[in-house]
Amino acid sequence: MDGLEERWAPAWQDAGTYAFDRSAQRADVYSIDTPPPTVSGSLHVGHVFSYTHTDVVARFQRMRGKSVFYPMGWDDNGLPTERRVQNYYGVRCDPSLPYDPSFTPPEKAPKNDRDFVQVSRRTFVELCDRLTAEDEQVFESLWRRLGLSVDWSHTYSTISESSRATAQRAFLRNLARGEAYSQQAPTLWDTTFRTAVAQAELEDRETEGAYHRIGFTPTAGGEPVFIETTRPVLLPACVALVAHPDDERYRPLFGQTVRTPLFGVEVPVVAHPLADPEKGSGIAMICTFGDTTDVTWWRELQLPNRTVIGRDGRLLRETPQWLADGPGAELYASIAGATVFSAQKAVVEALQASGDMVGEPKRITHPVKFYEKGDRPLEIVSTRQWYLRNGGRDVELRSALLERGAELAWHPEHMKHRYDHWVSGLNGDWLISRQRFFGVPFPVWYRLDADGEPVHDDPIVPDEASLPVDPAAEPAPGFSEDQRGVPGGFAADPDVMDTWATSSLTPLLVSGWERDPDLFSRVYPMDLRPQGQDIIRTWLFSTVVRAHLEFGGLPWSRTALSGWILDPDRKKMSKSKGNVVTPLALLEEHGSDAVRYWAASSRLGTDATFDTGQMKIGRRLAMKLLNASKFVLGLGVERGDAADPAAVTEAVDASVLADLADVVRQATEAFERYDHATALDVTERFFWTFCDDWVELVKDRAYGVRGEGPAASARATAAIALRTLLRLFAPFLPYAAEEVWSWWQDGSVHRASWPAVEDLGPVDEGARGVLAAAGQVLTVLRKVKSEAKVSQKTPLSAATVSGPAAVVAAAARAEADLLATSRAASITWREVAVAGGEQAPALSAQAEIAPAG
RNA sequence: GGGCGAUUAGCUCAGUGGUAGAGCACCUCGUUCACACCGAGGGGGUCACUGGUUCGAACCCAGUAUCGCCCA
């Protein structure tokens, strides 16, 4: 069985076994919106798991006669690639540098990123292209080895020219319809990556902090008002104090003003229901901007914007105007340009020295928002960003998107809850711009006014026919390059789109939207979106949004969600825990069929344990399929599909085919409801009975011990059963099934038709149960020998089998085969009567070991 | 704090109203005759807990506990 991958993977490629037939009509096509793996990462065992689930479905649909459109894609766009390229080559992008065509990256990347080489944007993009191309080769060879039945001629990547064109085209249409807009607004900002991030990329992390109790003096005089804050560093950005409108303690203060300690800025005391009387002292300072609640207060209470934290996560270097003439100007000058961390320290020390802070800081842990890929808390800075409407600020759109979710078929069904909760909880539109370099540029330029300031509310856009465009490299339509950046001229939008803004278009990228209308008409909307459950809120939702906005419909009719892979301690497998096994090593050690067996044994949506034991079982199953097939074919089974069901005359043979008919029915029904694990389970269960009981029973007869008729019955049964079994196993064990198929059938098993009950001939209902009963007799006779501690090949003298009438009668119909298999001289059948209501006795046997000789 | 899911043999998991299952691991036996990457046989479980519905509950309902994930 070793070596099957090397033989068959290239053979399938050469024969075009998995080629999509693009002459097929939509109704005969099954199209799959494959998740494009991030090539900047590495494939891990979780990918193998979920991609196997998809492949099993693809193979089933193909055998059912569908023309399967199953492309692969690579997500090579965006920040993850930038990070990998930076670390791999030891470079950092500085867009202000000129392009140097002779640049070669350092031999070895420096350890510390401070020593990274600064390169131009064009060089940086070239390095991104180079590394992703190499990575994609590695990924493809792994997928081929795993046996994914992908049509590689349709492979796409999210940074390719046509993907950039598609992303820009879709954006321009969103813009034209008013679904995309840009806005200067407080934005969640990662200071490490210096980019805005979207709501979907946030995560809360429990973080150490401390409450600082700080007094504000009323302007009108009186006792100081104490607030408790975890971020005293924002004191210079304070614009108001806020308490709950019903809070009796602070009611007298509403409408009055207080002075901020240290800085002496006069700010109002205001009321807002979001202020929590239970939290801290019940009154809080509003700063621009400490958290998203500050943003809400700032917006709803129409407060001024006094930002002090810059995009680099440091305090603004220039002393802000509202502090310049106050008592805190000197203090501010001492913290200008400092990091938030050290500035906070300085402010606290100053507060303690001045006596404005009461007591020691009270240590707490509280949830703080982080970018999921970042390791510093997010700041909120006011910037101009592009947004796409996603229902976060629009009840009507939101309910339309919930309705789309309801139209989608979910496997498993309960995953829909995650979609509903996410959509219902959105609190803003989708922020799609990123201040990065390797991504799809916004296809937008701005006119510059007489002062050289961009006019944002009237962007210049290109003609769709000219896409993709790079506004940083091409002049705006109607302008020449020498007008770039000069008053009265133009400027490019500096941003790129977030990765999700492109990957939300995968059904369009791959289907040839506006590029290949013929293909598009045959595959879109697609049939299946397989993906991980972790990206329902991002990939699945954003794809639904884009399709809804562009076409007013779903991009696919159903989605299949795979679960996690857990390590043996029931934790999610992750690199940081050092428990990730490389997929290639896994495939080499156990064989592709074995690893696929492990993956396919798990149902959709169910987390699975990484379990090499399960792979060993899969390997044993594949091996057994090869060995049993070799033996069965050695009985003289004819090549091809000529076996005649009419030759099946023995009851035990008719019985095994009747059982197999049930298996075909159950496996087909399971596949139809996307329950591949049950399809595998019923097939495997039958196969072991087939080998252990049926094959053992008919060995002697097939060799002709009882003459030609009974032998022909065994051979025909073997041929029919094996042809059926190989096709049932083909989606799961494509290598072993193909290998055996090639021994005696024409073409590929993966192009053969899925078995139908009718292929098995008329089911002989009267023979039902004969094999099961005979199997029970085999077991009890084997037990006699096992307990006597003799070989199973030891002959028995006269045996007596007792049991319920029905079982005994059924087994007796296979007496000749039973005698041969058990080496018994004779069997006496004894029916045990069962009184009404009594439990039927188990089958039992008595027999003497025949004397040696 | 809210939501979703899980909890069955030492391990990994099936089992959705009618006598508790499979594989692995373990114990015993058996190898020229498809398969030692094997075959046969065997031992092993208060189905997390507490109530309820029912003639009958691993399964349905309510609650509790523990674990995982998502959201706030």
Side-chain angles (χ1 to χ4, degrees), chain A residues 1-2 199-200 202-204 278 291-293 366-369 372 410 412-427 532-538 561 563-573 589-591 594 597-598 601-603 605-635 670 675 677-678 680-682 684-685 688-689 691-693 695-696 699-700 702-703 718 722 740 778-794 821-822 837-842:
Chain A
M1 112 164 236
D2 291 315
Q199 187 184 352
L202 303 184
E203 61 183 38
D204 283 358
E278 304 294 317
D291 59 25
T292 51
T293 317
H366 62 145
V368 173
K369 289 196 189 316
E372 60 189 357
W410 296 78
E413 218 163 316
H414 67 79
M415 290 290 178
K416 177 174 175 292
H417 290 294
R418 301 197 185 189
Y419 177 93
D420 290 343
H421 287 144
W422 175 251
V423 178
S424 305
L426 287 168
N427 54 29
Q533 55 180 321
D534 49 331
I535 49 177
I536 290 173
R537 63 176 179 161
T538 47
L561 288 314
W564 298 114
I565 299 306
L566 307 176
D567 70 15
D569 298 328
R570 303 215 58 82
K571 299 274 185 261
K572 191 182 153 195
M573 295 271 267
E589 182 182 351
H590 301 281
Y597 172 88
W598 160 73
S601 301
S602 287
R603 294 167 303 166
T606 304
D607 295 345
T609 309
F610 178 74
D611 185 3
T612 52
Q614 202 65 18
M615 296 175 201
K616 294 196 170 92
I617 298 166
R619 188 177 170 86
R620 195 180 64 145
L621 175 65
M623 188 76 75
K624 187 87 174 177
L625 185 59
L626 292 169
N627 283 323
S629 299
K630 186 169 70 180
F631 176 73
V632 162
L633 293 173
L635 297 175
D675 179 5
T678 295
L680 172 57
D681 185 60
V682 295
E684 182 186 11
R685 210 178 284 276
W688 287 103
T689 307
C691 291
D692 292 345
D693 293 346
V695 170
E696 293 299 329
K699 270 181 179 174
D700 283 14
Y703 283 126
L722 187 60
V740 174
L778 279 181
T779 298
V780 294
L781 291 175
R782 282 167 181 155
K783 189 171 175 180
V784 167
K785 295 181 190 179
S786 205
E787 284 174 351
K789 300 186 190 263
V790 297
S791 159
Q792 292 297 325
K793 298 207 169 86
T794 310
T821 305
S822 65
E838 239 178 72
Q839 195 178 319

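Here is the naming used below: chain letters follow the sequence lines, and residue numbers restart at 1 for every chain.
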List the atom of A/Ala200, the atom of A/Glu372, and the distance in Å for their closest heavy-atom pair. O-OE1, 4.3 Å

What string of B, S and - do you get for nucleotides 38-43 of chain B 5' to 3' if you count protein non-hydrogen atoms under 4.0 Å? SSBSS-

Separation between the C1' atoms of B/rC38 and B/rU8, rounded to whole Å: 30 Å

Are any of A/Thr609's side-chain N or O atoms less than 4.0 Å away from OP1 or OP2 of B/rC13? yes

Is there a Watson-Crick or G-U wobble partner for B/rC29 with both distances under 3.5 Å, and which nucleotide is it? B/rG39

Between CG of A/Leu626 and P of B/rC35 the distance, given in whole Å, is 13 Å

Evaluate the criterion side chain to side chain donor-acceptor pair (under 3.5 Å) for residue pair A/Asp681 and A/Thr678; output intermediate values, then yes/no. CA-CA 5 Å; A/Asp681 185 60; A/Thr678 295; over 6 Å; no

Using the P atom as the reference point in each nucleotide, state the distance between B/rU7 and B/rC60 in Å, no decimals. 11 Å

Between CZ of A/Phe631 and P of B/rC35 the distance, given in whole Å, is 9 Å

Report yes or no: is there a donor-acceptor pair, N or O only, under 3.5 Å between the side chain of A/Glu696 and the base of B/rA34? yes

Note: for A/Ala200 and A/Arg603 on RNA chain B, the residue whose nearest nucleotide lies more 5' is A/Arg603

Using whole Å, what does the distance between atom P of nucleotide B/rG5 and atom CG of A/Leu566 come to? 17 Å

Would you say the base of B/rC37 and the side-chain of A/Arg619 have a donor-acceptor pair closer than 3.5 Å? yes

Rounded interatomic separation in angstrom, taking CD from A/Gln533 and P from B/rC69: 10 Å

Atom-pair distance (CG on A/Leu561; C1' on B/rC70), nearest Å: 13 Å

Are A/Lys416 and A/Glu413 within salt-bridge range, i.e. N to O under 4.0 Å? no

Whole-Å P distance, B/rC26 and B/rA20: 29 Å

Figure out the CD/C1' separation between A/Glu278 and B/rG1, and round it to whole Å. 14 Å

